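The structure under discussion appears below in the form of C-alpha cells.
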Amino acid sequence: MTALAENLNAVDRRGAAGRLSDFFWKHPHVLLTVLLAPPLLWLGVVYVGSLFALLLQSFFSIDDFSGLISYEFTLATYRQLLSETNLDIILRTVSMAAIVTIASALIAFPIAYYAARYAQGKWKVLFYLGVMLPLWSSYLVKIYAWKLILAKEGIVTWFLGKLHLQWLLDAWLSLPVVGGNSLSVSYTGTFIVFVYVWLPFMILPIQAALERVPTNLIEASSDLGGTPAQTFRHVLFPLALPGIVAGSIFTFSLTLGDYIIPQIIGSSRLFIGQAVYAQQGTAGNIPLAAAFTVVPIVIMGAYLFVAKRMGAFDAL
C-alpha cells in the first residue's frame, strides 16, 4: 500500500507539472511574462529608477550658507554646470572621446578587413585570440602597466633614446595642450591608453560588418573599372559604416564615462567622470554631481538615436 501511494503521488506530481506545461503551451504570452518579469522589474525599478532619482537630484541645489542640500526644484545647479570651468570639463571629455573614437576606427579598419577577407582557419582563431586576449587581463593592471611604459624612465623614452629621437619626444611634450613632464602625465598618454583599452570594442563590430559585405560587389566594382579608392569610397565604406558606428558606440561612451584612466594617466585637469567623483565625494555636492552625469546620458541618447537610424545595431 505504501508503494502504491508513493506511485500515485508521483503520478499526481507529474500530472500537475504536465498541466502547467500544457497551460504555458496554450498561453505562450503568460510564459513570456513569467520569464521576463524579473529582469524587467530589475531594469525598471533598479536601473531606470536610479536614473530617475539621479535626474531628480540634479534639480536640487546646495545651500551656500549651511552646505546642505536644498530639496526645492531649481535650475541653479544647471546654471552652475554651464559655468566656464564646468563647460571646460565637458568639452575636454567630449573632445577626447571623439578623438579616441576616430583613432580607434582608423586603426581597427585594416585589422578588421584582413580578418574578414583573408584570415581563414587557424589564422582567424589567432585573430580572435589576439583581439580578445587584452580583455581577459585586469583593467587596473593594464593601466598601471602603461603608467610604467609611458613614464620618463619607461621603455618608450629608453627606446626613443636608443634611436636618438629623444629630441622629438621632448619637442612634443613641450606643446601646451598635449604635452607634459612625461607621456604618463599628459593628454597624449591618456589618449594612447584609451585607444589601447577600447580598441577591441571597435575591431569586432567592424569585422562583423565587413564579413556581411558580398565579395561579388567588390569584384563588380573592379570589373566596371572602379579603382581601389573608388571601390572603398562607394562600396566598401558605406556597407561597413554601420559596423564603424556600432564600434563607436562602445569607444565613445566608455571614454565619456571613464574616470580611472585620466586619474592614473593624465594631467590634473578633470574629465566628467573625475568631476562626478570629486563632487559627490570630496565636495559633497550631490546635485552638481548628478547634473554632470546627466550630460553623458543626454549625449549618448542622441548618439544612439542617430546610430539606430544608420543601422548600427544590426552590426552588433
Side-chain angles (χ1 to χ4, degrees), residues 50-51 54-55 57-58 75 77-108 139-140 142-144 146-147 150 173 175-181 183-202 244-307 312:
S50 62
L51 288 179
L54 189 69
L55 179 64
Q57 288 278 353
S58 68
L75 295 177
T77 302
Y78 282 99
R79 287 195 294 268
Q80 186 180 357
L81 183 67
L82 297 177
S83 66
E84 184 178 354
T85 302
N86 293 330
L87 272 180
D88 186 53
I89 295 174
I90 295 171
L91 292 176
R92 183 183 305 118
T93 307
V94 174
S95 300
M96 178 63 75
I99 295 172
V100 168
T101 299
I102 294 171
S104 298
L106 294 175
I107 298 172
Y139 177 74
L140 284 175
K142 289 185 291 186
I143 297 173
Y144 277 109
W146 273 103
K147 180 76 171 180
L150 299 175
L173 292 176
L175 296 176
V177 176
V178 298
N181 293 329
L183 286 174
S184 62
V185 289
S186 66
Y187 285 148
T188 302
T190 307
F191 164 78
I192 292 172
V193 178
F194 268 135
V195 172
Y196 168 79
V197 172
W198 307 139
L199 186 60
F201 296 97
M202 179 66 79
I244 297 173
V245 177
S248 71
I249 294 174
F250 295 108
T251 56
F252 188 81
S253 62
L254 291 171
T255 305
L256 203 62
D258 193 280
Y259 76 96
I260 297 178
I261 292 178
Q263 186 74 20
I264 298 175
I265 300 176
S267 66
S268 59
R269 296 178 180 177
L270 299 180
F271 284 72
I272 288 179
Q274 293 171 286
V276 172
Y277 181 80
Q279 292 297 333
Q280 66 87 28
T282 306
N285 193 340
I286 301 297
L288 184 58
F292 263 116
T293 58
V294 171
V295 174
I297 292 175
V298 172
I299 293 175
M300 286 310 304
Y303 196 86
L304 290 173
F305 175 77
V306 175

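Model, not experiment: these values are computed from the prediction. Because only heavy atoms are used, hydrogens play no part in the values below, and waters and symmetry mates are left out as well, while side chains stay in. Numbering starts at 1 and runs along the sequence shown.
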Self-check item: Derivation and outcome, side-chain contact (heavy atoms from CB on, under 4.5 Å), residues Leu288 and Val276
Solution: CA-CA 8 Å; Leu288 184 58; Val276 172; over 6 Å; no
Quiz prompt | Worked verdict on Asn86 versus Ser83 for side chain to side chain donor-acceptor pair (under 3.5 Å) | solution = CA-CA 5 Å; Asn86 293 330; Ser83 66; 3.3 Å; yes
Practice problem: Before giving the answer on side-chain contact (heavy atoms from CB on, under 4.5 Å), spell out for Tyr196 and Ile261 the whole-Å C-alpha distance, their side-chain angles and the decisive distance to 0.1 Å. | Solution: CA-CA 11 Å; Tyr196 168 79; Ile261 292 178; over 6 Å; no
Quiz item: Is there a ring pair (Phe, Tyr, Trp, His ring centres under 6.0 Å) between Trp198 and Phe250 once you walk through the steps?
Solution: CA-CA 8 Å; Trp198 307 139; Phe250 295 108; 9.9 Å; no
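Annotation: side chain of Thr93 is not in contact with side chain of Val295 (no heavy-atom distance under 4.5 Å). A 4.5 Å side-chain heavy-atom check between Leu55 and Leu51 finds every atom pair outside the cut-off. Ile249 places none of its side-chain heavy atoms less than 4.5 Å from the side chain of Phe201. Side-chain atoms of Ile264 and Leu140, non-hydrogen and from C-beta on, do get closer than 4.5 Å to each other. Contact annotation: the side chain of Ser186 never approaches that of Val178 to less than 4.5 Å [non-hydrogen atoms, C-beta and beyond].
Ala290 and Ser58 make their closest contact through CB-N, 3.7 Å (heavy atoms, listed as atom of the first residue, atom of the second, distance). Across Ile272 and Leu256, no two heavy atoms sit closer than the pair CB-O, 4.2 Å. Summarising the geometry of Ser184 relative to Lys147, their closest heavy-atom pair is O-NZ, 3.6 Å, with the distance given to 0.1 Å. In terms of heavy-atom proximity, Gln263 sits nearest to Gln274 at OE1-NE2, 3.0 Å. Nearest heavy-atom pair across Asp258 and Ile260 is OD1-N, 3.0 Å. In this structure, Met202 and Ser104 approach most closely via the heavy-atom pair CG-O, 3.7 Å.
In this view, Tyr144 satisfies the side chain to side chain donor-acceptor pair (under 3.5 Å) rule with no residue, not counting sequence neighbours. Residues passing the side chain to side chain contact (heavy atoms under 4.5 Å, CB included) test with Ser253, sequence neighbours excluded: Met300.
To the nearest 0.5 Å, atom CG of residue Leu91 and atom CD of residue Glu84 are 10.5 Å apart. Atoms CG and CZ, from Leu199 and Phe194 in turn, are 14.0 Å apart once rounded to the nearest 0.5 Å. Here CG of Leu82 is found 10.0 Å from CG of Leu75. Values are rounded to the nearest 0.5 Å. Taken to the nearest 0.5 Å, the CG atom of Asn285 stands 5.5 Å off from the CD atom of Gln80. Between atom OG of residue Ser95 and atom CZ of residue Phe271 there is a gap of 9.0 Å, rounded to the nearest 0.5 Å.
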Throw together a table of side-chain donor-acceptor distances under 3.5 angstrom for residues 96-103, partners on residues two or more places apart or in other chains.
residue : atom : partner : partner atom : Å
Thr101  : OG1  : Ala97   : O            : 2.7
Thr101  : OG1  : Thr251  : OG1          : 3.3
Thr101  : OG1  : Phe252  : N            : 3.4

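By the 6.0 Å contact criterion, CG on Asn181 is open, its count of non-hydrogen atoms from other residues, nucleotides or ligands being 12 or less.
Side-chain atoms of Arg92 come within 3.5 Å of backbone N or O of Leu270 as a donor-acceptor pair. Formation of a donor-acceptor pair under 3.5 Å by the Thr190 side chain with backbone atoms of Ile265 is found in this model.
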